[in-house]
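These figures come from a predicted structure and were not determined experimentally. Per chain, numbering begins at 1; letters A, B, ... match sequence-line order.
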Amino acid sequence: MLGLFIDHDKAYYTHEDRYIEREWQYLKRAWEQNLLGEGHYVVAYCPHCQTSLSNAEVGLGYKEVEDPSMHFKFQVKGKPDEYFVVWTTMPFTIITDLIIGVNPKQDYVKVQVENETWILAKQRVEPIMEILEIENYKIIKTLKGKELVGTKYEYPLMDLIPKQAELDQHPLIHTVVAEEFVDVTTATGIVHLAPANGEDDYSAAQKRELPLFAPFDEQALFTEEAGNFAGHFVRKTDSMVVEELENRGLLLKIGKVKHEYPTCWRSHHKLVWMARREYFIWTNKINKKVMEAAHKVKYFYDSPKNRFLAFLKEGKPWCISRDRVWGSPLPIWVCEECGEKTLVATKQELREKALELPDKDFELHKPWIDRIILKCDKCSGRMVREPFVLDVWHNSGASPYARFTDQEFKELVPTNFLTEAVDQTRGWGNSLLLEHVIYTGKPEAPYEEFLFQGFVLDAKGRKMSKSLGNVLEINKLLQERSADITRFYFLWKCSPIDSMNFDLKELRGRPYQVLSTLYHLHNFFMQNAKYDNFDPQTHTLTWATQQNVLNAPDMWLLSKLQKLVREYTNKAEECEFNFALSQLEDYVVNILSREYVPMIRKDLWSDDPQTLNRRLAVYSTLWYTLKTLVLLSNPVTPFLSEALYQTVYKELDPNLAETVNMENWPTPDTDLEDDALEEEFEILLQTLPVLYSARQNAQLKRRWPLAKTIVIAPKKAQSALKKLEELFLELANVKTAEYADTLPEVDPDRWATASEDELQVLVDKIRDDSLEGEGLMRDLARRVQALRKELGFSPTDIVDAVHIAELEPKAIELLKPFIDEMEALVRAKKVNVHEQQVEIKADWHEDKLDKKKVYVAVV
RNA sequence: GGGCUUGUAGCUCAGUUUGGCUGGAGCGUUCGGCUGAUAACCGAAAGGUCGAGAGUUCAAAUCUCUCCAGGCCCA
């Protein structure tokens, strides 16, 4: 809705067979390189719904629940009186306990309690003793966590679980390990680890290559391997475990605790973490290549780069299997007889190898795909498909190859530029990279540049959410504000990687002003250019140069434009859109609208055929400048650009391309650059406000012409002003100028002054009759102009007569020499001034001039 | 709890990489002015513990450490 170019003919759908077949090619490459295989993964599982939940789903269901709070002890092997003190809210996990963890860097102590020695974190001694209501205890030794590593403990339920007795033979099982994640600020600072029932636990075990002990089935019931606990639902064994520990004298305290714990968002049952059989891409094996590929990408900003690289460096295996119905199937078949596995990556091959096929016309989805039985190459047995579908991130990460043909893939991948929001660091940015490295076998990303963009927040910097009611609805927004102003605001306000506080009020402020000014500049240009029959094909800049009708302001404007094109392009290419747009903003609002237009206004305010070429030169300058601005802003404001292109540029030059999008990107023209001239204008534009300030100090309106100004400035500034004197005098509305190095001796009462830095400007306060008359004429002309506009005349209309009444005789006298000039200025055939309101064909309008009433009428 | 990141005027942002003069801009506010492209514009004024604290240094918004608060991702 905000404007996108989409090639609908090239749309791709990840559920189509041809996409799936090509996606499978990635898996095939992984399979061939031994990068795809079976493993275990600890997932959140809802025992009621009998399904695993994604992380996002887990996040949905945090609730306060009640759980057992069990303090217990593990006896140190060979030391009947020495124990590790441990706390858990899930007693059932003692069944799958394999190791206990301490933090290597933290202090632990041995505490004498009656005849026993207990080991726990130093800082937890007091709170734990309080909980256990033990008053007499003595710290007898302090040691670092790492000193405990390797200590073997007696696994308490060995007699009930024969498999645990078997595992106990392993040198690392039932020993203390060191893990940074162990927190010594809560509980006892010692954790027991059940790798089958916790993610941290699992990775700690995997790191040490421990065998997995996961004695439960798909329904979360303990299997025979769990010995006495077999057949029970895992969580139901909590109380059994508590009882067994108590019988063995290992239970210290059993209570209840309320805490935040994830529950199933559907059934509200407490989730259980369980190791389940899954398929993995062993990206850890190709981490070096992945890192090399990632380092070659340009990210434009350091923070998203650091974040992406840090994430990739973890090199975690990618679990790609999902237990769902919808999704692209995992194309792995397993032999029921010999356990042989095969990966089949095309429909054709499936047909060839099949023992059984579904209907003639099947698609590559459940349930059809599960009905395909293959013949085992090894033993000719029946092979059935692994029931998994693929992680959706695998689908999207496969797009570079899957969506294109081989030829297109060769030509278009790696692509130049991709952009996504920062949350896609672990999403698309990652999956695209991993799959491409696997597919090509090369340390190369499928994108050369990747811009990770920040999030949009509400005006106060809060996350947008339905519950807060601060969600911005784009449809509503677009009813009131254009897509372009929204786009401009997005890119202009802040760096694309920062999160952005979106404020409607702000959008209506400066962004509106910039676009509105650009639009009105075109209006202004069209009004005048059409009136003078400007023809862009004939009246080019080259023509204007040849006719010698380009003046300093035009050349200054054009020089500044080249700088803008260069800077804007550079910033945009670096994705510093906010800086690019603030350059554009400055050029449109300040340089062009506020500074250039007043410089050429007088040239345009004339019908004189003698000066037509000068006016045409201004139009050629504006044509070139405005068109360049429209092209620069086109990526940001495509609708406005197109509208202006059609109604202004194509209107005056029908030979132009069909759309603004067919135009080339502007490049700076060094021939038009003039640093010296820019410097001179810089001085002029610094001097004028000082002069205006001096005027203001003496209450001398800008409309009133003054006799003389004296500028005290460094030599360089003096010469610049002398060079641009005609323009300076006109903009200053002063008849003559003098320049000095130091303040001359003048009558301080006669001269108004203002200064800034090395610059001081004096203006002559004394106005003779002629200056007063001209000033009065311009005051009155201003009133007439306002009235003309109010009455609906267009600027080019010529009115029959203008009447001004209730003027003093002296004023009428002063005005006389300037009536002709006023007639030209207000475009009237005749200007009449009266002492009283006379009978005329039009209505009199009251106005105020320096607190006195005047009456104006236009016929 | 971990990683990345942000904190500068009433608001929105520059400036921090490479320490250096009195910390800037736009918007907003107040007063005055200007305006036949403009919903604009010009002049002046008020407005700052540069998130807090400590350290390094002749010198810190800028470098280091700790803390506080916000954001994203993960746990």
Side-chain angles (χ1 to χ4, degrees), chain A residues 55 58-59 180-183 185-186 198-200 203 262 301-311 313-314 316 421-427 430 452-457 459-463 489 492-495 497-503 505-528 576 578-579 582 585-586 588-590 592-595 597-598 601 604-605 622 688-697 699-704 733 754 756 778-779 781-782 784-790 793-797 825-827:
Chain A
N55 283 336
V58 173
E180 296 281 348
F181 67 77
V182 177
D183 181 8
T185 63
T186 61
E199 201 175 347
D200 277 340
S203 56
Y301 295 90
D302 280 344
S303 71
K305 176 183 177 178
N306 293 342
R307 193 168 147 156
F308 190 43
L309 293 178
F311 167 69
K313 208 174 166 190
E314 288 175 26
K316 278 194 184 161
V422 282
D423 60 337
Q424 294 300 328
T425 310
R426 283 160 185 261
N430 178 46
F452 291 105
Q453 302 201 49
F455 270 61
V456 180
L457 309 174
K460 291 173 186 158
R462 294 171 309 184
K463 198 170 170 169
Y489 179 52
W492 162 85
K493 170 155 175 164
C494 59
S495 158
I497 62 154
D498 289 339
S499 45
M500 170 180 175
N501 301 356
F502 193 102
D503 187 352
K505 261 199 293 189
E506 195 174 44
L507 173 127
R508 294 188 184 112
R510 190 69 174 174
Y512 183 87
Q513 191 194 333
V514 177
L515 299 193
S516 148
T517 302
L518 186 60
Y519 172 79
H520 283 286
L521 281 164
H522 279 84
N523 252 0
F524 170 71
F525 165 73
M526 266 312 246
Q527 249 173 31
N528 290 285
E576 293 180 346
N578 51 328
F579 293 138
S582 78
E585 171 190 353
D586 181 55
V588 170
V589 174
N590 292 330
L592 183 48
S593 172
R594 214 186 76 208
E595 292 165 355
V597 169
R601 185 166 267 147
L604 297 190
W605 196 246
L622 283 173
L688 284 168
V690 182
L691 187 141
Y692 296 150
S693 184
R695 269 178 174 271
Q696 181 123 359
N697 292 339
Q699 301 270 298
L700 295 165
K701 290 186 198 175
R702 196 143 125 212
R703 267 200 298 269
W704 295 348
N733 199 15
E756 193 182 301
R778 293 201 40 191
D779 270 340
R782 161 78 196 116
V784 174
Q785 304 289 39
L787 183 59
R788 274 181 61 121
K789 195 175 187 180
E790 195 186 317
F793 289 100
S794 116
T796 47
D797 289 339
L825 203 57
V826 301
R827 291 194 177 232

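The partner of B:A45 is B:U29, judged by Watson-Crick or G-U wobble contacts that both fall below 3.5 Å. When both pairing distances are held under 3.5 Å, B:A60 makes no Watson-Crick or G-U pair with any nucleotide shown. Judged by Watson-Crick or G-U wobble contacts below 3.5 Å, the nucleotide B:G1 has B:C74 as its partner. B:C21: no Watson-Crick or G-U partner with both key distances under 3.5 Å is found in any strand. Checking B:A69 for Watson-Crick or G-U wobble geometry (two distances, each under 3.5 Å) identifies B:U6 as its partner. In a base pair of the Watson-Crick type (N1 to N3 plus N6-O4 or O6-N4) or a G-U wobble (N1-O2 and O6-N3), with each distance short of 3.5 Å, B:U16 is matched with no nucleotide. The pairing partner recorded for B:C50 is none, the criterion being a Watson-Crick or G-U wobble arrangement whose two distances lie under 3.5 angstrom.
Going from atom NE2 of A:His520 over to atom C1' of B:C41 covers 14 Å, rounded to whole Å. Nucleotide B:C73 holds its C1' atom 15 Å from the CG atom of A:Leu309, rounded to whole Å. Going from atom CD of A:Glu595 over to atom C1' of B:U38 covers 16 Å, rounded to whole Å. Distance, A:Tyr301 OH to B:U17 P: 18 Å, rounded to whole Å. Residue A:Leu518 contributes atom CG, which lies 14 Å from atom C1' of B:A40 at whole-angstrom precision. Separating the CZ atom of A:Phe524 from the C1' atom of B:A39 is a distance of 18 Å, rounded to the nearest angstrom. Across the protein-nucleic acid pair, A:Ile497 atom CD1 and B:C13 atom P stand 13 Å apart, rounded to whole Å. When the P atom of B:C4 is taken as reference, atom CG of A:Asn430 falls 18 Å away, rounded to whole Å.
A:Ser593 contributes no side-chain N or O that, together with a main-chain N or O of A:Asn590, makes up a donor-acceptor pair within less than 3.5 Å. Formation of a donor-acceptor pair under 3.5 Å by the A:Asn523 side chain with backbone atoms of A:Tyr519 is not found in this model.
Nearest to the side-chain atoms of A:Tyr512 among the listed nucleotides B:C73, B:A39, B:A37 stands B:A39. Listed nucleotides B:A75, B:A37, B:C73 differ in distance to A:Arg307; the shortest reach to its side chain belongs to B:C73. If you check B:A37, B:G3, B:A75 against the side chain of A:Ala310, the one that comes closest is B:G3. Of the candidate nucleotides B:A37, B:A14, B:G3, B:A14 has the atom nearest to the side chain of A:Phe579. Side-chain proximity of A:Asn306 to the nucleotides B:A37, B:A75, B:C4 is greatest for B:C4.
The distance from atom CG of A:Leu518 to atom CD of A:Glu585, rounded to the nearest 0.5 Å, is 12.5 Å.
Between A:Val597 and A:Leu521 the shortest heavy-atom distance is CG2-CD2, 3.9 Å. In terms of heavy-atom proximity, A:Phe525 sits nearest to A:Leu622 at CD1-CB, 3.7 Å.
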Under 3.5 Å, N/O pairs linking protein and nucleotides 30-32 of chain B:
{"residue": "B:G32", "atom": "O2'", "partner": "A:Gln696", "partner atom": "NE2", "Å": "3.4"}
{"residue": "B:G32", "atom": "N3", "partner": "A:Gln696", "partner atom": "NE2", "Å": "3.2"}

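Under 4.0 angstrom from either OP1 or OP2 of B:C13 there lies no side-chain N or O belonging to A:Asn578. A:Gln513 has no side-chain polar atom (N or O) that falls below the 4.0 Å cut-off from OP1 or OP2 of B:G26. At the phosphate of B:C42, OP1 or OP2 sits under 4.0 Å from a side-chain N or O atom of A:Arg594.
Nearest-nucleotide positions on RNA chain B for A:Thr517 and A:Phe311 put A:Phe311 closer to the 5' end.
The gap from the P atom of B:G23 to that of B:U6 amounts to 24 Å, rounded to the nearest Å. Using atom C1' as the reference point in both B:G20 and B:C4, the two lie 32 Å apart (nearest Å). The C1' atoms of B:G10 and B:G48 are separated by 12 Å, rounded to the nearest whole Å.
You'll find the side chain of A:Glu576 reaches within 4.5 Å of the side chain of A:Tyr301, heavy atoms only.
You won't find any donor-acceptor pair under 3.5 Å spanning the side chain of A:Ser593 and the base of B:A40, going by distance alone.
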